[in-house]
There are 2 protein chains.
Amino acid sequence: MSSYSPKRALFDSFAEVAKALSHGSRLEILEQLAQGERSVEGLADRTGLSVANASQHLRLMQRAALLASRREGKHVLYRLSDPSVLHLVAALRKVAESKHAAARDVIGGYFRERDALEAVSREELAARIKAGIVTVLDVRPEDEYATGHLPRAINIPLRELSRRLRKLPKRREIVAYCRGPYCVLAFEAVAFLRERGWKVRRLEDGFPEWKAAGLPVVERVDG
Amino acid sequence: MSSYSPKRALFDSFAEVAKALSHGSRLEILEQLAQGERSVEGLADRTGLSVANASQHLRLMQRAALLASRREGKHVLYRLSDPSVLHLVAALRKVAESKHAAARDVIGGYFRERDALEAVSREELAARIKAGIVTVLDVRPEDEYATGHLPRAINIPLRELSRRLRKLPKRREIVAYCRGPYCVLAFEAVAFLRERGWKVRRLEDGFPEWKAAGLPVVERVDG
DNA sequence: GTTACATTCAATAATTCTATAGAATGATCT
DNA sequence: AGATCATTCTATAGAATTATTGAATGTAAC
């Protein structure tokens, strides 16, 4: 009809990007990288993949231009190549969420209390942080907190929460956050603290989305 | 670290959506469906696929919730399940465009005059149509025009343009459009008409994006 | 230079995806 | 009811993807 080969080449190159997203492990890696730079070994640990396998997935995504890498000492650190990658993953999530039965089942099962634990918007939290009327709680692991976190956020990884409860004020409102919309850490922290009488809500989405929205962050500034 | 199986099931279901996008033919089908409903045979014709193969691609995308279908007489008509699918494809395009070398090469080669033929924004065109100070030219095939088009647009398929030049005013500005950002029809129409002295520009993107932006359209209203 | 170590490469087997051809389904029309 | 036609299903062969293993590469530390 209109044209044949150049157009098809274009669609094929788009398809290559989509293919780079079309594996659960790679999406899991992308969620990790949305937090910040990671080494191959670090990603392999967190995702449960072998180092060689993680390396292959990473290289594939790098070829598809989703990732970039740099060397630091012995380690090769990967990162998202561009904020547009985060937008792409978000768009993917939205389609799957609104329509996909399997996703619905999982969300309905695992995140059943989601609506009950209503979320605070980024804008609202930003205003409250500025006004100093809220305690921000980062429940991610320490190293993720170290690479970047919300201003004035205190870090208590979920598994240490019960041991370090005394650090949390009972009067002030607490807002907990973690990696992103499907990170369970913040959900569990909110449920745990509410049971024990704290006044606590959850930030919508997580750290990467906050950063992508151009809101202020505290970041590690090494080379 | 955080959780294992439910989270992984979630990522796997996202991956299924991405996989549905990960084939050039399927993206080509999606571009067609962005124009409006299409039968299996119609899509097979336009994409050069066999009917059976097109049917398989369609079913795969339907399972991944990208498409919906309905029966009308002898034909099964497929459509995009949701506007979010269009956003997803746009996000995919953006990542590929900004970063992917292959896409760049093709764009650089085939659309080399892109910048020279500067585009009119949707908003600007909408205002001009309302004010009645522009001629809108739809260069898609007749059947695509018939299923939906911009208000007051006249339809002259590209291949008939040279025969029907007298229908076009020389004084008024003309804005041409077609399917979307990678549809070549409008580019070629603009180049053709400019050479012959018309004052003509191209609409950014195409009909699906116009419609998705909530701007007014004329649509066929059969059952 | 040699060693240690993180990462990548190469080869492989198992699995999954793709396109084709022909049969089966399901709806319309006479 | 039977004929016709669009679509989907089934089976299959070829191609591509995935995870694993062990070797190779390249950098840093000694």
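What you are looking at is a predicted structure, and each value in this text was computed from that prediction instead of being measured. First the proteins, then the strands, lettered A, B, ... as listed; each starts at 1.
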Exercise for review: Round to a whole Å and report the spacing from CZ of B:R63 to C1' of D:dT8.
Suggested key: 12 Å
Check your understanding: Sequence neighbours excluded, which residues qualify as side-chain hydrogen bond (donor to acceptor under 3.5 Å, both in side chains) partners of A:S22?
Key -> none
Revision key, fill the gap. Per-nt protein contacts along nucleotides 17-30 of chain D (heavy atom under 4.0 Å; B base, S backbone sugar-phosphate only, - none) come out as SSBBB-----SS--
Exercise for review: Could I get the full list of salt bridge (Lys or Arg N to Asp or Glu O under 4.0 Å) partners for B:K211, not counting sequence neighbours?
Suggested key: B:E219
**Study point:** For B:R71, all residues meeting side-chain contact (heavy atoms from CB on, under 4.5 Å), sequence neighbours excluded
**Key:** B:V76
Exercise for review: Only counting residues at least two apart or in another chain, list the ones meeting salt bridge (Lys or Arg N to Asp or Glu O under 4.0 Å) with B:E142.
Suggested key: none
Revision key, fill the gap. A:A15 meets the side-chain contact (heavy atoms from CB on, under 4.5 Å) criterion, sequence neighbours left out, with B:L27
Check your understanding: Taking any atom under 4.0 angstrom from a heavy atom of chain B, which nucleotides of DNA chain C are the first and last to qualify, 5' to 3'?
Key -> C:dC17 to C:dT28
Study note, to complete from the structure: B:Y145 meets the ring pair (Phe, Tyr, Trp, His ring centres under 6.0 Å) criterion, sequence neighbours left out, with B:H149
Practice item. List in chain and number order the residues that pass side-chain contact (heavy atoms from CB on, under 4.5 Å) with A:N53, two or more places apart in sequence or in another chain; answer none if no residue qualifies. Key: A:L49, A:S50, A:Q56, A:H57
**Study point:** Listed partners of A:L215 passing side-chain contact (heavy atoms from CB on, under 4.5 Å), at least two apart
**Key:** A:R122, A:A126, A:W210, A:A213
Review point. In terms of side-chain heavy atoms, does B:R8 have a donor or acceptor partner in A:S25 at a distance below 3.5 Å?
Key: yes
Review point. In dot-bracket, 5' to 3', how would DNA chain C read with Watson-Crick or G-U wobble pairs under 3.5 Å, [ ] for crossing ones and | for pairs to another strand?
Key: ||||||||||||||||||||||||||||||
Review point. Sequence neighbours excluded, which residues qualify as salt bridge (Lys or Arg N to Asp or Glu O under 4.0 Å) partners of A:R140?
Key: A:D138
